[in-house]
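One structure below.
Lettering of chains follows the sequences in order, A, B, ..., and the numbering in each one begins at 1. Everything numeric here is computed off the predicted structure, so don't read it as measured data.
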Amino acid sequence: MGGDDFDWNTDDELEIENYNSSSSCLTLPNGDAGEASSSAVLANSKVLDHFVNMGFSREMVSKVIQEYGEENEDKLLEELLSYKALESSPQPQQRIEPDPCSSENAGSSWDDFSDTDIFSDDEEIAKTMSENDDTLRSLVKMGYKQEEALVAIERLGPNASLEELVDFIGVAQMAKAEDALLPPEEKLQYNDYAKSNKRRFYDYEVLGRKKPRGCEKKILNEDDDEEDEALHLPNPMIGFGVPTESSFITHRRIPEDAIGPPYFYYENVALAPKGVWQTISRFLYDVQPEFVDSKFFCAAARKRGYIHNLPIQNRFPLLPLPPRTIHEAFPLTKKWWPSWDTRTKLNCLQTCIGSAKLTERIRKAVEIYDEDPPESVQKFVLHQCRKWNLVWVGRNKVAPLEPDEVETLLGFPRNHTRGGGISRTDRYKSLGNSFQVDTVAYHLSVLKEMYPNGINLLSLFSGIGGAEVALHRLGIPLKNVVSVEKSEVNRNIVRSWWEQTNQKGNLYDIDDVRELDGDRLEQLMSTFGGFDLIVGGSPCNNLAGSNRVSRDGLEGKESSLFFDYFRILDLVKNMSAKYR
DNA sequence: CCCAGAATGACTGACGCC
DNA sequence: GGCGTCAGTCATTCTGGG
């Protein structure tokens, strides 16, 4: 009997069929092209909307469409790119420069920054930030959602007028409604169309591939290069250093606007779609992300980006250092581990586990051979083991990790997520969405000597309390913790941990980040005197590679809650002055 | 309704080879 | 550089049984 009886090739064959149905959608669906050809309905045009979503200004796109029509997107894109270059539309770094024409709009919060002698660049940044805040407040007062307003400001830049911003939001809302009304078939086509064009856009704009003729120099300007350089994922992914690897980075420059206290710590998946980390970084005061893979802290990989304003000198790890290979972490698996499975680390612990059916299939595939199975079988088994993080628990027998094993790997106390009416499935889900405690603790360790009497913590998107557990394990007393978490079972887990660890401080929990407005913050901060640290890992749903359905980027349904992290952080930063 | 299992690819960076 | 290949990824949604 050979390996041909198993179906490890069918996956690839099936994929080919899907290709044909989606590869020829570079042109618009028929209905749209006709309807959009008159400029009267330009506000509803999908083409217009599409390019606006790419980041071009609405005015510019309208102009180009009126000039060239909607049919040839290649031409449109080319024109837009050269327009952009010619008009030198604001690049990210230029965007934060103040507009002299709008300086009279500077709000009262500017006064907070004006008590120093030197008028530095960083102060100008601060000034623009407060101007943005005023615009933001105006939009919110007008009844727009915070994240919509933030996206609009982000898209159109700080110099955009209130009118332009309102217009942008209107178009975005219309597009959203229209998208929802579209029949499934058309919607699919439109998505494919959008994706394929988006890809080209990236090729042109970000990667500099296949440059349109005559625009090379203008489009491929320095700023893009610098930004690419700055946000390149480090290899090895050790950020500003890890305890187990030698590192040479001991200093970094934090933009003045970002310097704490209060300290902040933001986390999300490192492998987000292109441009996401640029945007996040830009919002978080242009602090450069620290990309770290938790495989340098434990036996499982976890590639994450962290943006924080903490010092990076004199960090120290939690002790004892956790096992950093699979065999050290799970000694019992050693006996059954075949020599041809060369893994020493697990891949990222996710929210779903491998099925029993799969492990059974693997057992049957392997057990028929006395010696090592043929290479094709090895390849299949290894592929599945890597994909589902399976370990060898018996002769020819693989299995997914148990929830308590995941807890241990992530640095939580055993049974942290157990009990309280939580199902096994939900334990995996909560754990999969959590911090790796040792990694986070290493970054937060510098706070210990700064706050010997403890800290006040604002924990957004707390989940199962990774930040709280990290600080506790570091021996940093928790005076007051405001924990914001949507999931009730997760709140129960944190509450239960809080009680079991005999915390002396106070734990306040809040359901929804949207509830946390200026008034509520003022109320909380006045009772215990401000926050020392604001931690949060906003939802990754729409950023994570595993998401086949709605990997929509930072503006996705859940992931756009990042803008609430920023909103709250900015509020706390501005309110903190009076508590210092 | 709750729970567990199963099916559902795309995107991106790294690397070897030419 | 260009191109093919490969590995890896904090997931969503439907279904079926209790």
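- A close approach under 4.0 Å does not occur between any side-chain nitrogen or oxygen of A:N235 and OP1 or OP2 of B:dG13.
- Checking A:C352 against A:S546, the closest nucleotide of DNA chain B that is more toward the 5' end is the one next to A:C352.
- Using a 4.0 Å heavy-atom criterion, one finds that A:S294 contacts no nucleic acid atom at all.
- Ion pairing of A:D552 with A:K557 is absent here, as no side-chain N (NZ or NE/NH1/NH2) approaches a carboxylate O to less than 4.0 Å.
- Using a 4.5 Å cut-off on side-chain heavy atoms (C-beta onward), A:R495 and A:D509 make contact.
- Look at A:R386 and you won't find any side-chain N or O under 4.0 angstrom from OP1 or OP2 of C:dA7.
- The side chain of A:V549 approaches C:dT12 more closely than any other nucleotide in the set C:dT9, B:dC3, C:dT12.
- Not one side-chain nitrogen or oxygen of A:S550 sits closer than 4.0 Å to the OP1 or OP2 atom of C:dT12.
- Looking at A:R424, its side chain has no donor and acceptor atom pair within 3.5 Å of the base of B:dC3.
- Between A:K557 and the phosphate of C:dT12, there is no side-chain N or O to OP1/OP2 separation shorter than 4.0 Å.
- Pairing partner, C:dC14: B:dG5, with both Watson-Crick or wobble hydrogen-bond distances short of 3.5 Å.
- In this model, the phosphate group of C:dC10 is not approached by any side-chain N or O of A:N541 to a distance below 4.0 Å at OP1 or OP2.
- Spacing between B:dT8 and C:dT9 at atom P, rounded to whole Å, works out to 22 Å.
- When the C1' atom of C:dC10 is taken as reference, atom CZ of A:R548 falls 15 Å away, rounded to whole Å.
- The nearest whole Å value for the distance from the CG atom in A:L409 to the P atom in C:dC10 is 16 Å.
- The residue A:G463 sits apart from the nucleic acid: no heavy atom pair falls under 4.0 Å.
- B:dC3 atom P lies 15 Å from atom OH of A:Y428, rounded to whole Å.
- In terms of modelled atom types and a separation under 3.5 Å, the side chain of A:N542 and the main chain of A:S550 share a donor-acceptor contact.
- Contact annotation: A:S355 reaches the phosphate of B:dA6 (side-chain N/O to OP1 or OP2, under 4.0 Å).
- C:dC10 and B:dA7: their P atoms are spaced 23 Å apart (whole Å).
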Using the rule given for side chain to side chain donor-acceptor pair (under 3.5 Å), can you reason through A:R491 versus A:S483, listing the C-alpha separation, both sets of side-chain angles and the distance that settles it, and then say yes or no? CA-CA 8 Å; A:R491 287 202 304 274; A:S483 168; over 6 Å; no

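- Rounded to a whole Å, the NZ atom of A:K295 is 11 Å from the C1' atom of C:dG8.
- DNA chain B is contacted by both A:L233 and A:K357; A:K357 maps to the nucleotide lying nearer its 5′ end (nearest heavy atom per residue).
- If you measure from atom CZ of A:R551 to atom P of B:dC11, you get 8 Å, rounded to the nearest angstrom.
- In this structure, A:C348 reaches the sugar-phosphate backbone alone: every heavy-atom distance under 4.0 Å involves primed, P, OP1 or OP2 atoms, never a base.
- Side-chain contact check for A:L410 versus A:F435: every heavy-atom pair is 4.5 Å or farther apart.
- Taking atom CD1 of residue A:I422 and atom P of nucleotide B:dC2, one finds them 14 Å apart after rounding to whole Å.
- Note: CG (A:D426) to C1' (B:dC2) measures 10 Å, nearest angstrom.
- A salt bridge is defined here as a Lys NZ or Arg NE, NH1 or NH2 lying under 4.0 Å from an Asp or Glu carboxylate O, and A:D564 with A:R567 meets this definition.
- Side chain of A:K274, nearest nucleotide from C:dG8, B:dC3, B:dG13: B:dG13.
- One atom, CG of A:L554, and another, P of B:dC11, lie 18 Å apart when rounded to the nearest Å.
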